[in-house]
Amino acid sequence: MGIVNVTPDSFSDGGRHLAPDAAIAHARRLIDEGADILDIGGESTRPGAEPVPLEEELARLLPLIEALRDSGVPLSIDTFKPAVMRAAIEAGADMINDIYGFRQPGAIEAVAGSDCGLCVMHMQGEPRTMQQAPAYADVAGEVGAFLREQAQRLEAAGVDPGRICLDPGFGFGKTTAHNYDLLRSLPTIGALGYPLLIGVSRKTMIGAVTGRPVGERLAGSIAAALAAVARGAAIVRVHDVAATVDALKVWQAVQVGDA
Ligand code: 9MG
């Protein structure tokens, strides 16, 4: 899953892909590099990020959906606003990626009647404050319980379980220790029976271990992505598609022996 941010304050690309044309060109480049899914976001989710009004988010997202919906690659829309979910699905989105895990009032109803894929992500708190004091007694147990409960809510609303994937939400209300604990515990979340989506690309948890700034976290991000795939992740959400695809191909050749 290649990341396409259409935000002026995106934490890792400084908003370089804000203008629709530049974002569309970036998206096409990610497809050429081997992305199987594009995740398009119009509101930054970095720690401390301020909310974006509904109209502004739609103005950022809809031109990309229109331009890319026939690109041959499924489009995931990163949003937690039910009205944006509805508009994105109407415009041709294939998947909704919700960092609030469909907790906002009306979110489940907005997606239940469609057939798009759904990513249920865990977050403790909200982006503006989530890194101030994350606390858990048992991080993997609590994250797993939340994800199971939200998946059950979606299914109770008529969503086919095959549409759902789960994401522990690395960096969303978690310390570095929580993040690595969760990464080690991915198989217990995978045991819930849904595909796992993970996003570790360029995140603080990579910088905390390598001591590197955001622009120099490629090797660390790939190591974490491979560790996640080795523990059952089905989808990895990344900025650096070409390098990650190469790493996954080599990892797969080792695992499957098809080289
Ligand atoms: C939007 N976004 C930023 N980080 C993310 C992550 O780790 N997972 C998902 N599903 N979305 C994310």
Side-chain angles (χ1 to χ4, degrees), residues 1-7 9-13 15 17 23 27 30 35-49 51-52 57 60-61 64 74-81 84-85 88 93-104 107 111 116-128 130-131 134 139 143 146-147 150-151 154 163-176 178-180 182-183 186 189 194-207 214 217 220-221 224-225 227-229 231 233-240 244:
M1 172 183 266
I3 299 169
V4 181
N5 289 316
V6 207
T7 59
D9 58 349
S10 163
F11 79 103
S12 62
D13 67 9
H17 300 121
L30 297 187
D36 291 324
I37 308 172
L38 294 177
D39 188 44
I40 305 170
E43 175 165 4
S44 174
T45 54
R46 67 175 169 71
V52 171
E57 192 179 344
R60 293 177 186 180
L61 292 173
L64 268 86
L75 304 181
S76 162
I77 301 304
D78 153 23
T79 187
F80 59 85
K81 295 190 184 85
V84 176
M85 294 175 187
D94 302 284
M95 178 171 176
I96 300 295
N97 171 27
D98 184 356
I99 62 163
Y100 280 84
F102 300 93
R103 271 183 291 155
Q104 300 289 335
V111 298
C116 66
L118 305 172
C119 177
V120 181
M121 199 197 81
H122 174 273
M123 169 169 59
Q124 187 179 83
E126 50 163 331
R128 208 169 42 79
M130 65 190 176
Q131 289 310 107
V139 67
V143 168
F146 168 82
L147 294 173
Q150 289 307 100
L154 285 162
R163 291 173 53 195
I164 300 173
C165 65
L166 305 182
D167 182 339
F170 291 99
F172 286 83
K174 283 128 192 144
T175 63
T176 295
H178 293 143
N179 286 319
Y180 284 95
L182 264 179
L183 191 40
L186 268 192
I189 298 175
Y194 302 89
L196 299 180
L197 188 158
I198 66 107
V200 290
S201 182
R202 302 182 186 175
K203 284 190 177 172
T204 300
M205 63 183 282
I206 308 298
V214 124
R217 294 180 185 164
S221 299
V229 171
R231 287 162 180 76
I235 304 171
V236 289
R237 182 181 180 277
V238 303
H239 299 88
D240 301 289
T244 308

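First listed ligand is number 1; within each ligand, the first listed atom is number 1. Just so it is clear, the model here is predicted, and its values are computed rather than measured.
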Within less than 4.0 angstrom of ligand 1, does C119 place any heavy atom?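 True for this residue.
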Nearest non-hydrogen atom to atom 6 (C) of ligand 1 belongs to which of M123, E43, K203, M1?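 Looking at heavy atoms only, the winner is K203.
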Counting both backbone and side chain atoms, is some N or O of [X] under 3.5 Å from an N or O of ligand 1?
| X | value |
| --- | --- |
| N97 | yes |
| D78 | no |
| M121 | no |

For G199, counting its heavy atoms only, list the atoms of ligand 1 lying under 4.0 Å from any of them.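 Matching atoms, with element in brackets: 7 (O).
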Donor-acceptor under 3.5 Å ([X] side chain, [Y] main chain):
| X | Y | answer |
| --- | --- | --- |
| D94 | L75 | yes |
| N179 | G171 | yes |
| R217 | K203 | yes |
| Q131 | T175 | no |
| K174 | P168 | yes |

Which is it for L197 and ligand 1 at heavy atoms under 4.0 Å: side chain, backbone, both or neither?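 L197 to ligand 1: side-chain contact only, backbone stays beyond 4.0 Å.
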Would you call the rings of Y100 and F80 parallel, tilted or perpendicular if under 30° counts as parallel and over 60° as perpendicular?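 Rings of Y100 and F80: tilted, 30 to 60°.
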